[in-house]
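Data block below; observations after.
Remember, it's 1-based here, ligands and their atoms both numbered in the order they're listed. A quick note: this is a predicted structure, and the numbers were derived from the prediction, not measured.
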Amino acid sequence: MKKICVIGVGYVGLVNGAGISDFGHKVICADIDKKKIENIKKGDLPIFEPGLKELIDRNVKSNRLLFSSDIGETIKKSDIVFIAVGTPEGDSGKADLSHVYDVALKIAKNLNNYKIICTKSTVPIGTGKEIKGIINNNKSNSIKFDYVSNPEFLREGSAVKDFLWPDRVVIGCDSNKVFKSMIEVYQPLFRNKKPIIQTEISTAEMVKYASNAFLALKISYINEIANLSEVLGCDVKMVADLIGQDGRISPKFLHPGPGYGGSCFPKDTKALVNLAKQANVPIKTITAAIDANIYQKKRMFMKLKTLLKEKIKGKTISILGLSFKPNTSDIRESSAIDIISSILKAGGHVRAFDPIANNSMKKIFPNIEYFSNWEKTVSNSDCAVIMTEWNEFRSLDLIELKDRLKTPILFDTRNIFDQRKLLELGFSFDTVGRKKNIKY
Ligand code: UDX
């Protein structure tokens, strides 16, 4: 059992802290936000994530997981310090590392015994060196520490599952001794034969950016193939299925849609472009993926306008799904924001519903109407738009949808419905890249 702390109780910190405590270690999760810590202690979590509450409750009960707002004391009590604070987008797409630097300084001031300092936050290549420098320049003793880069690959909505069953764990460090200590942290995974791989620190930092940028690129690629398919009369779902069967490509992240969102892809792609610029190395593919994504979000409104025969003014449009993807209340960079704002600018009315993200969206659009289920939302609307592929929309009763709408017009930006059924029922509809009248 190791004494571990996780600094930063955001999305990454909370899931990792709870997950590591579940592996049998003693973990303190600390954050400067006292209110957040108080709320978590009361059982009120800052994020929604399937299985997280149960994981936290179980480990709090077993006394393995504690929460604190005293960062200094927490660091002193720990042998391994995970840095999991936010690295938001700063000027010109560069990652803002001020929170990471603050924690590094606090570690320097509270370095009371040998510790491993491990960064979970997504940080630009070279940050490990900077963190080591800050600690070395600000500590007031000769106590030693080691540094590890251990990037996280958790997806929102399935973060607990991803933590417990990862594809790989990447440990960037300078010595085998440190690597062995980190293997002990992830012991249950090691026993389950999950690959735990040692790399250099800068390589581990790059793996995170390169993975996220590749996935963003893959999505932008299939979105562009979808747009071309629309014009050339092909069905992108079939195209994606068939190219995905090529083992070199894989079917994952080949779902065309309204453009990627979330807290990672938009920020990490821009940060990688920024890093490349600084290094004076062209990285045109990622710049193109970013541009294609901006266009894809705009294109959704263009398609909606076409579906409504260029008349948005005075129309009531129901938006079903607000989060950037299902199973999360996170609306950061969600395509729903773009389409709602374009509809409002064009003089349309918006009725909105998300199974859990209504409150998040209220902060951005306080004046649109929100509902507690899809049925009420679509009633008397001129058109319904699926923006997030929540399961409850996948299984929605299309006959009832048609009955409730003023006019049976549907825009399925996630391609979740059976087109034949929509045609049969007499919907006027659009999708992303699908052919309407498949002949077999
Ligand atoms: C991502 C990475 O997957 C994860 O490894 C990393 O650590 C954090 O960033 P996340 O942002 O939670 O995770 O969401 P993800 O499931 O990757 O989806 C990102 C966006 O891409 C969503 O808006 C989603 O709707 C979109 N997407 C995803 C598509 O449009 N098509 C796809 O085929 C897959």
CG (Leu254) and CD1 (Ile219) are apart, to the nearest 0.5 Å, by 9.0 Å
Open item on the list: If we only consider heavy atoms of Lys208, is any one of them less than 4.0 Å away from an atom in ligand 1?
Closed with: yes
Heavy-atom proximity to atom 10 (P) of ligand 1 ranks first, among Arg414, Lys267, Lys325, for Lys325
Taking only non-hydrogen atoms of Cys264 and a 4.0 Å limit, the atoms of ligand 1 in range are 8 (C), 9 (O)
Honestly, for Asn212 the part within reach of ligand 1 (heavy atoms, under 4.0 Å) is side chain
Sequence neighbours excluded, the answer for salt bridge (Lys or Arg N to Asp or Glu O under 4.0 Å) partners of Lys208 is Glu152
One finds that the ligand 1 atoms under 4.0 Å from a non-hydrogen atom of Leu254 are 33 (O)
Quick note on ligand 1: atoms under 4.0 Å from a heavy atom of Glu156 include exactly 10 (P), 12 (O)
| message | Is the terminal nitrogen or CZ of Lys376 (NZ for Lys, CZ for Arg) located under 6.0 angstrom from the six-membered ring centre of Phe353 and within 45° of that ring's axis? | response | no
Checking heavy atoms under 4.0 Å, the part of Glu152 that sits near ligand 1 is both
Taking only non-hydrogen atoms of Phe153 and a 4.0 Å limit, the atoms of ligand 1 in range are 4 (C), 5 (O), 7 (O)
Nearest non-hydrogen protein atom to atom 33 (O) of ligand 1, with distance, is His255 N, 2.9 Å
Logged contact type for Leu154 with ligand 1, heavy-atom cut-off 4.0 Å, is backbone
*asked:* Between Asn227 and Gln296, is there a side-chain donor-acceptor contact under 3.5 Å, judged purely by atom types and distance?
replied: yes
- prompt: Taking the six-membered ring of Tyr370, is the NZ or CZ of Arg351 close enough (under 6.0 Å from the centre) and on axis enough (within 45°)?
  reply: no
